[in-house]
Every structure is written in structure tokens, then in C-alpha cells.
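What you see below is based on every heavy atom in this structure, not just the backbone, and it leaves out hydrogens, waters and symmetry mates. The first residue of the sequence shown is numbered 1, and numbering continues consecutively from there.
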Amino acid sequence: MASVSIPPYVPLIGGNKSTGQVTADICAPLERRATSLWWFAFLPSFALLLLGAAAVTYQIATGIGTWGLNRSVGWAFDITNFVFWIGIGHAGTFISAILFLFRQKWRTSVNRSAEAMTLFAVTCAGLFPIIHMGRPWLFYWIFPYPNWRGPLWVNFRSPLDWDFFAISTYFTISLVFWYIGLIPDLAALRDRLRPGWYRGLMSFFSLGWTGGFRTWRRYEIVYMLLAGLATPLVVSVHSVVSTDFAGGRLPGWHTTIFPPYFVAGAIFSGMSMVLTLMLIARKVMGMEDYITQRHIEAMTKVILTTSCLVGLAYAIEFFSALYMGNRYESFTFLNRAFGPLGWGYGIMVVCNVLLPQFFWFPRVRAFLPAVFTIAVLVNVGMWFERFIIIVASLERNFLPSSWSSYTPTSIELATLLGSFGLFFTCFLIFCRFLPMIAISEVKGVLEHRHGTKSQQEPPSGSETSAKAVLAVFAEAEDLVEAVRAVRKRNWPIDDIYCPYPVHGLEESLGWRRSRLAAACFTCGAAGVILALWFQFWASARSWPINVGGQPWNSLPSFVPVTFECMVLFGGLGLVAAWLVRCRLYPGKIAVAPATGATDDRFVLALSAPGSSAEAEQMGQLLRACRAVLVQDRPEVEAKP
């Protein structure tokens with residue numbers, strides 16, 4: 001019988017870390033001066049940003065005639081870059097929301113950076129339509145706000161207006177999602193820093209977080225509901241972007257495959273950019289123990305899967321064009337492959353379909369220089385994909401007399417480089433001043449070690465008959481055991497403080513179910529009603545517009561904006577309800593129950609015992625549950 005070789009086990013987090021070591025390691029780059037590697041990456045990025053800013057300034061002062069547009073190609077680099085950056089921004093929500101719902105533990109080391117990457121990528125994407133307006137100072141006209149022009153409302157039946165609502169909602173929910181996950185880590189960083197402006201900022205934005213279990217419990221509900229809202233949102237955004245093209249009659253654009261095709265391509269390019277940044281960051285910031293081979297393996301497999309989906313979309317698109325018998329469609333796709341831009345189509349196929357197939361081989365996935373090279377080339381190929389879709393179709397439209405060739409100018413090239421400079425500059429600043437890895441989430445997936453723990457007696461001579469009792473534990477398992485033992489004796493628990501959410505306590509505590517889900521549903525329903533009413537009123541009552549003979553009350557055309565408003569109102573209302581219920585607000589002074597409650601200690605706060613004898617029983621029981629410290633506390637923070 002042939003022997004079966006079992007691959008060696010690779011831990012998710014290397015170095016056999018403790019919870020305290022996780023906090024120290026991830027916060028270490030923020031507590032010391034920037035390294036030479038960081039400056040080596042930051043200065044070229046900032047130089048590209050300045051180049052792009054100069055190019056955009058010149059273009060705004062002179063006009064979009066500085067671009068290489070002509071009578072046929074009205075969209076080129078600007079819209080190519082817009083779609084490219086929107087696609088890059090999809091990986092953050094995919095990792096944070098979708099993989100969270102599927103309980104993928106490997107996401108914990110990369111989700112924070114991927115979420116930040118989403119914000120920076122969407123910012124880069126949003127700049128290009130504004131620049132393309134020619135009069136960027138009038139960008140606010142896209143908002144449906146009361147005005148003196150009739151009032152003239154925006155056209156809610158236009159995919160371009162859907163774009164605005166989809167992208168602004170996506171950015172807002174992604175920002176909220178990112179910030180909510182960052183709050184516990186800001187508190188951990190706050191408690192480590194020395195007094196100064198940096199600690200003051202962390203204290204202001206950590207909202208007075210102390211790690212109370214009631215807050216953690218509601219935090220997890222909020223995080224899960226936001227993930228549920230963001231999952232269809234991430235699918236809708238690039239589907240809406242694809243309707244900018246699929247809604248037209250131009251050959252090569254008018255196809256129903258675009259929405260799933262664009263979504264798969266967005267996750268494909270976004271995950272490649274995440275992998276690229278993680279490989280750089282793990283070296284520059286010294287995070288090799290937290291971004292391990294298991295993380296790289298998982299990301300390369302996602303890239304391989306989405307590469308196959310993108311390749312399938314290429315094949316279906318080409319086959320449909322040749323099979324349908326429409327000579328315009330057939331010519332368009334043959335022109336893409338063999339026409340003047342055939343070289344770009346070749347780059348697209350090689351980088352997006354062929355090169356990722358090397359990830360089938362474990363040795364390639366383990367060889368980091370090859371992984372980095374393929375990830376970079378995938379993004380090159382995805383940029384060319386958007387360029388070919390847009391420019392190749394516009395260069396060769398229905399009338400041969402209107403055919404023309406497009407060549408980008410130096411201003412367009414500088415603007416493209418500037419967008420990369422903005423992206424990498426923002427990402428490096430993020431890595432320098434905020435935890436790039438989710439500290440609390442990494443602690444939750446550690447393979448905890450068990451060993452002997454030193455025990456300390458309570459302060460000698462202290463009476464607890466009128467004071468609350470605090471028990472400090474070094475392991476989450478000991479805390480759970482102590483809570484169960486305390487509940488058996490019906491001793492009241494004020495709260496529990498943890499550096500990360502500890503599961504298994506809900507049943508023991510017997511606290512009532514949260515109503516945050518009802519608040520989310522109510523706010524989402526309000527968003528639906530308000531969006532439908534306003535679109536109908538603006539389009540059919542206040543300023544009726546005949547768009548292609550469609551009825552003024554065009555309900556199907558109102559669905560995209562209504563959906564975005566539902567997600568936006570539901571998400572913001574949910575977070576507002578959580579903040580109010582937990583009494584968290586910017587600048588609140590955190591009253592820590594014990595040192596280390598946001599770092600590596602688990603604190604159990606009991607109500608004041610009725611007598612000295614009961615206090616002594618409490619102390620004995622808590623020490624039997626391996627409490628490392630049992631002490632009195634005159635006051636306990638009010639229960640939110």
C-alpha cells in the first residue's frame with residue numbers, strides 16, 4: 001500500500017505568540033521612528049503624487065483638450081482608471097464581509113489593510129469622473145439637492161447617476177466598517193502610548209472603549225450585520241458600473257455578461273493588489289509572523305479561482321460574439337484580438353488567464369518572488385482589460401468614416417502615475433500611524449498556550465463588604481470557568497472586560513437579546529420608503545423628464561438607488577444605535593477596570609458582596625479558577 005505524505009502543519013500565526021506579544025508586535029512600528037525601508041517606499045510614492053497633482057492642476061487650468069481624446073474616443077484613460085480603481089477597492093469588502101460570514105480565520109491578518117486599501121482605491125476612482133467633468137468645481141451638481149434651476153433634479157434613470165449613489169454608499173459603508181473594526185485596536189494603542197498628541201488622537205477616536213463584554217457582544221452583532229449589508233453591496237457596485245457600458249448600444253458593450261464579469265474581475269484585481277501590498281508590508285513593517293505562508297496560500301488560491309472565472313468570461317464573450325451572427329459584434333471582438341490594439345489584448349490574456357495558472361503548483365505558491373511578480377502582472381493585465389473594453393470599442397464603431405486612433409498624452413500618463421502615488425502614499429501613512437493588522441481579531445484565532453500562572457493574593461487587610469471585586473485572568477478559558485462558577489452561586493456580575501470577544505459566556509450570563517437588528521431593519525426600511533418616494537416625486541411630479549419615451553414613474557429604474565439608500569440608512573442607523581446604547585462617543589475618557597484589559601488580561605467585575613464572609617468566599621473561588629489577581633474596586637463603571 002502506497003504511503004501518503006502529509007504536508008507539514010503551518011500555523012496561522014507564527015512564533016507561538018501570546019496575546020500580549022500580539023499587541024506589542026503590531027504596535028511596535030507605530031511606537032518607534034519610521035524605518036529606512038518605509039522612507040524608501042514613501043518618498044517615490046509621494047513624488048508620483050506630486051507629479052499627478054501637477055498634471056491635474058495643468059489640465060484643470062487648460063482644459064481636457066490636454067488629453068488625447070478625439071471625435072470617436074470620448075472615454076479613455078480617465079474612465080479606464082476609474083473602473084480599474086473601483087475594481088481594486090472590491091477586495092477589502094470581499095475579505096472583510098464575505099469571508100467573515102464564511103468564518104475564514106485567515107482573513108484576520110489582512111482584512112484591516114484590505115479595508116484601508118478599499119478606501120484609498122475608491123478615493124482614487126472618484127477623482128477621475130470629477131476631473132473628466134472639465135469643471136470639477138461643479139461636481140456637487142450630481143447631488144439631488146434643492147436648487148434654483150427649476151428645480152432641475154438629477155436623472156434617476158441614468159446609470160451614471162446610479163454610479164454616484166453606488167460608489168458613495170460603498171465608500172461610506174466601507175469607511176464605517178473599517179472604523180468600527182479599528183476602535184478596539186485604537187484603545188489598545190491608547191493604553192500603550194505615552195502622553196502626547198498621538199495618544200490624545202487615539203483616545204479621542206477610541207470613543208472611551210474599555211473592552212466591556214456588553215459592548216463586545218453588541219459590537220459583534222453590529223459587525224455581522226454590517227457584513228451582511230456589505231456583501232450584496234460589493235456585488236452591486238461593480239454591477240452598476242458595468243451598466244455604464246452594458247446600457248449602451250455600442251458593439252462590445254451591449255451584453256448581459258458584463259455584471260458578473262465585472263464583479264469577478266474586480267475581486268480578481270483587488271485580491272492581487274492586496275497580495276502585492278501584503279508582501280511589501282510584511283517586509284517593510286516586519287510582520288512575517290502575522291502574514292504567513294498560509295495567508296499567501298489562501299490569497300493565491302482566490303486569485304487562481306477568479307482568474308478561471310475571468311478566463312471563462314473572455315471565452316463566453318468571444319464565443320457569443322461569433323455565434324450570434326451580428327457582424328458588428330463579430331468584427332469588434334476580432335478587432336480586439338487582431339486589430340491595432342491586439343498587443344494590449346494579448347497582454348490582458350497572458351496576465352489575467354495564463355500566468356495565474358502557475359498557482360496550481362505548490363512550489364510556485366511558496367516562492368514569494370514569483371508570487372509577487374504574478375500579482376503585479378495581474379494588475380497590469382486588469383488595467384489593460386478595462387482599456388481594451390473601452391478604447392477598442394470606441395475606436396471602431398458602426399461607421400468606418402468615424403474611425404480614429406487614440407494615443408494618450410503625457411498629461412494622461414502623469415495623471416495615471418499620480419493616482420498610484422496617491423494610493424501608495426495613503427497606504428504607507430496608514431501603516432505608519434494605525435495598526436495595519438486587526439489586533440483583537442488576531443488574538444481571537446491564536447492557538448492559546450496553557451501553563452502555570454502566578455497567583456497573587458488580594459491586598460492585605462482589605463475589606464470588600466462595600467466594594468466591587470475585580471478578578472484578573474491571564475487566559476480566556478479561566479475567565480469562562482470563573483463566570484460559570486460565579487453564576488452557579490448567583491453572585492451578580494457587573495461586567496466582563498476582554499481584549500477580544502470571548503465566546504461561550506452568553507448562555508452563562510443570561511443577558512437578554514439585543515435589539516440592534518430591529519434598529520437596522522427599521523432604518524433600512526425608512527431608506528427604501530424615502531428613496532422610492534423622492535425619486536417618484538422628483539421624476540414624475542416636481543420636474544417630469546421624458547427619457548427615451550419611458551414612463552415618468554419608472555419603478556425598475558428606481559431599484560438601484562433604492563437599494564443603495566437601504567444599505568446606507570440601515571448601516572448608519574445600526575452604528576448610531578450601537579454607539580448610543582453603549583454610550584460611546586468621541587473624546588470620552590476611558591475608565592479602565594484594570595491594567596491590561598485592552599491588551600492581554602481578562603477582568604471579571606463582581607458586585608459588592610453582602611458580607612466579609614461572602615467576600616472571602618469570592619476570593620477563594622476566583623483564585624481556584626486561576627485568577628492572577630483579585631482586588632477590590634470602590635466603584636465600577638456604570639453598565640451601559
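- Around OH of Tyr179, the count of heavy atoms belonging to other residues, nucleotides or ligands within 6.0 Å exceeds 12.
- Side-chain N/O atoms of Asn81 and Trp383 include a donor and acceptor closer than 3.5 Å.
- By the 4.5 Å heavy-atom criterion applied to side chains, Ser242 and Tyr261 are not counted as neighbours.
- Proximity of Asp78 to Ile131: side-chain heavy atoms (C-beta onward) are nowhere separated by under 4.5 Å.
- Atom CG in Asn352 sits 11.5 Å away from atom CD1 in Ile303 (nearest 0.5 Å).
- Using a 4.5 Å heavy-atom cutoff, the side chains of Tyr585 and Val580 are not in contact.
- Note: Phe423 and Trp85 meet the aromatic proximity criterion, with ring centroids under 6.0 Å apart.
- Between Ile88 and Met117, the closest side-chain pair of non-hydrogen atoms falls below 4.5 Å.
- Arg190 and Ser203 share no side-chain donor-acceptor pair at under 3.5 Å.
- Exactly one residue among Trp543, Phe534, Phe536 makes a ring pair (Phe, Tyr, Trp, His ring centres under 6.0 Å) with Trp153. That residue is Phe534.
- Between Trp578 and Tyr223, the closest side-chain pair of non-hydrogen atoms is not below 4.5 Å.
- Relative ring orientation between Phe139 and Phe143 is described as perpendicular, the plane-to-plane angle rising above 60° on a 0-90° scale split at 30° and 60°.
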Checklist entry - Would Trp216 and Val502 count as a side-chain contact (heavy atoms from CB on, under 4.5 Å) if you check the C-alpha gap in whole Å, the side-chain angles of each, and the deciding distance to 0.1 Å? => result CA-CA 9 Å; Trp216 269 123; Val502 177; over 6 Å; no
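- Remark: Phe558 CZ is packed, more than 12 non-hydrogen atoms of other residues, nucleotides or ligands lying under 6.0 Å away.
- Taking a cutoff of 4.0 Å between a charged side-chain nitrogen and a carboxylate oxygen, Glu441 and Lys105 do not qualify as a salt bridge.
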Item to check | Test log, rule side-chain contact (heavy atoms from CB on, under 4.5 Å), inputs Thr118 and Tyr170 | outcome: CA-CA 10 Å; Thr118 291; Tyr170 183 58; 3.7 Å; yes
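- In the model, Ser272 has no side-chain atom that pairs as donor or acceptor with a side-chain atom of Asn379 under 3.5 Å.
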Checklist entry - Going through the distances and angles, do Tyr145 and Tyr140 end up as a ring-ring contact (aromatic ring centres under 6.0 Å, His included)? => result CA-CA 9 Å; Tyr145 69 97; Tyr140 62 90; 5.8 Å; yes
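- By the 30° and 60° cut-offs, the orientation of the rings of Trp209 relative to Tyr219 is perpendicular.
- Below 30°, between 30° and 60°, or above 60°: for Phe42 and Phe46 the angle between ring planes is below 30°, a parallel geometry.
- Proximity of Ser113 to Phe427: side-chain heavy atoms (C-beta onward) are separated by under 4.5 Å at one or more points.
- Side-chain atoms of Ser236 and Glu564 include a donor-acceptor pair closer than 3.5 Å.
- Taking the ring axis of Phe100 as reference, the NZ or CZ atom of Arg103 stays within 45° of it and closer than 6.0 Å to the ring centre.
- Looking at Phe563 and Phe165, their side chains never come closer than 4.5 Å, going by heavy atoms from C-beta outward.
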Checklist entry - So Met202 and Tyr198, side-chain contact (heavy atoms from CB on, under 4.5 Å) or not? Walk me through it. => result CA-CA 6 Å; Met202 296 301 103; Tyr198 191 20; 3.7 Å; yes
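- Using bins of under 30°, 30° to 60° and over 60° for the plane-to-plane angle, the ring pair Phe84/Phe420 lands in the tilted bin.
- In this model, a donor atom of one side chain and an acceptor atom of the other lie less than 3.5 Å apart for Thr562 and Gln535.
- A heavy-atom distance below 4.5 Å is found between the side chains of Trp162 and Thr243.
- No hydrogens or angles considered: nothing links the side chains of Ser206 and Lys588 as a donor-acceptor pair under 3.5 Å.
- Taking the six-membered ring where the residue is Trp, Phe433 and Trp197 present tilted rings, their angle falling between 30° and 60°.
- Of the inter-residue distances, the one linking Arg214 atom CZ with Arg583 atom CZ reads 10.5 Å to the nearest 0.5 angstrom.
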Checklist entry - Hey, mind stepping through Thr598 and Thr210 against side-chain contact (heavy atoms from CB on, under 4.5 Å) and telling me if it holds? => result CA-CA 7 Å; Thr598 58; Thr210 56; 5.8 Å; no
Next on the checklist: Trp75 vs Phe82, test: ring-ring contact (aromatic ring centres under 6.0 Å, His included). Steps then yes/no.
Outcome noted: CA-CA 11 Å; Trp75 285 359; Phe82 163 72; 8.9 Å; no
